[in-house]
Amino acid sequence: MKRDNFGSKLGVLAAAAGSAIGLGNIWKFPYVAGQNGGAAFILVYLLCVAIVGIPVMVSEFALGRKTQANAAGVFKKLKPNSKWSITGYLGIFTAFIILSYYAVIAGWIFAYIARSATGKLANIAPDQIGVYFESIIGSNIEPVFWSLFVIVLTGFIVMSGIKEGIEKYSKILMPILLGILVVLMFRSLTLEGASKGLEFLFKPDFSQLTTKGVLEALGHSFFSLSLGMAIIITYGSYVKKDENIASLSLQVILVDTLIAIMAGIVIFPAVFAYGFEPQAGPTLIFITLPAVFQEMPFGALFETLFFMLIGIAAITSTISLLEVSVAFVTEEFKLSRKKTTVILSSILFLLSIPSALSFGALSGVTVFGKTFFDLFDFITSNIFLPLGGLLVCLFAAWVWGAKNVAKEVTSNGIFEFKWEKLYSFTLKYIAPIAILLIFLYSIGIVKLN
Ligand code: PFF
């Protein structure tokens with residue numbers, strides 16, 4: 001079976017950046033930054049991205065492109081008959097489980113787009129929006145319906161292939177995302193009192209920055225850059241040899257970080273301009289922001305745009321999460337892409353139901369004291385993601401070898417790899433130690449306050 005490829009430089013960038021830019025950037029980054037000392041956190045985040053994000057992303061692209069295989073195939077090809085293929089399976093499994101609850105959150109977003117565009121959300125009394133949100137996610141039908149909607153949409157794009165599906169739609173959706181973001185940024189910055197929001201986001205307050213904040217920055221850089229779960233390895237396998245993967249990695253990281261900061265510039269000036277408190281977690285976008293938009297002239301319009309922005313960001317991420325397992329099954333079991341996508345999307349839908357109902361019918365059902373939604377999130381974000389990242393890093397640095405990664409980065413001598421020495425050093429020593437720290441912290445072995 002001939003493997004599909006990305007057709008253009010811009011296409012690869014749009015797809016990879018599309019995967020990276022997601023709920024992590026628009027929803028999580030702004031409030032985590034706000035809570036941890038604003039610019040102080042952003043500086044640490046940039047450092048984490050530079051020290052750990054860049055070497056791991058470059059390695060993942062190199063592993064994929066060298067072998068032109070799915071995430072499990074990569075390890076089988078480079079280290080046949082070894083246990084390292086577990087790393088690939090772990091990544092594929094992680095991406096699949098993440099998708100099962102990520103689709104639920106994306107579903108809430110689409111439920112909000114529908115309500116916002118029809119003006120329903122604008123008519124809810126501000127102090128009732130919280131109850132309203134809970135009634136939506138607590139219903140036994142809506143979250144299931146909208147998760148299905150997200151999975152079908154994702155499946156449709158993935159089924160169409162790399163060039164005709166993922167690349168084509170990323171090239172359409174990413175410019176729209178950027179356009180909406182710029183419009184909303186302009187709106188937010190021109191509100192009276194916007195500067196307080198900027199201060200909240202950008203004023204470096206190092207007293208707010210704890211060791212915990214530093215580890216959160218590290219963990220978030222992984223989540224945000226889609227590392228440690230086979231996504232970039234899989235996308236790398238569709239990148240052609242005439243592409244410079246070192247520059248590609250830098251571009252993806254730059255765009256991802258920029259969008260996260262821009263999202264903060266959209267959210268906080270508006271929140272502060274209307275005298276609201278910057279809340280954390282789901283409350284910020286699902287409860288506080290709708291109340292903020294009610295105060296704004298033409299608020300329903302901006303609100304619809306805002307939720308469309310997050311919806312687009314989520315879909316370009318869900319397609320990358322699904323592609324990981326679709327690539328694996330089509331290649332390892334020699335099934336057609338169409339059949340594979342239908343089968344996997346159906347399994348995914350079934351798997352998403354416990355998460356979709358975690359706030360309603362199944363809210364009382366817990367495993368290890370957690371609802372299904374929380375359990376899936378905890379296991380993947382705190383255990384599988386750092387573990388996968390650590391294994392990929394160790395494999396690239398010590399098993400396949402940093403030298404081989406560098407050779408692949410140069411496309412066997414076509415490109416220069418200027419910072420090879422620095423890259424090898426961080427990949428071999430700094431990145432694994434940093435990721436190990438995140439891992440020990442997230443499973444509770446290293447305790448910080
Ligand atoms: N990187 C995307 C985000 O920041 O939302 C998508 C994503 C991939 C999220 C993998 C979470 C994850 F574990």
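In each ligand, atom 1 is the first atom listed, and ligand 1 is the first ligand listed.
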Could you tell me which residues satisfy side-chain hydrogen bond (donor to acceptor under 3.5 Å, both in side chains) with Ser221, sequence neighbours excluded, listed by chain and number?
none

List the residues meeting side-chain hydrogen bond (donor to acceptor under 3.5 Å, both in side chains) with Asn244, not counting sequence neighbours, and say none if there are none.
Ser247

Who passes side chain to side chain contact (heavy atoms under 4.5 Å, CB included) against Thr283, sequence neighbours left out?
Gln279, Ile287, Thr288

Do [X] and [Y] have a side chain donor and acceptor closer than 3.5 Å?
X: Glu60; Y: Ser249; value: no
X: Ser352; Y: Ser147; value: no
X: Glu323; Y: Thr234; value: no

Under a 4.0 Å heavy-atom cut-off, which residues neighbour ligand 1?
Ser19, Ala20, Gly22, Leu23, Gly24, Asn25, Ile98, Tyr102, Phe223, Ser224, Ser226, Met229, Ser317, Leu385

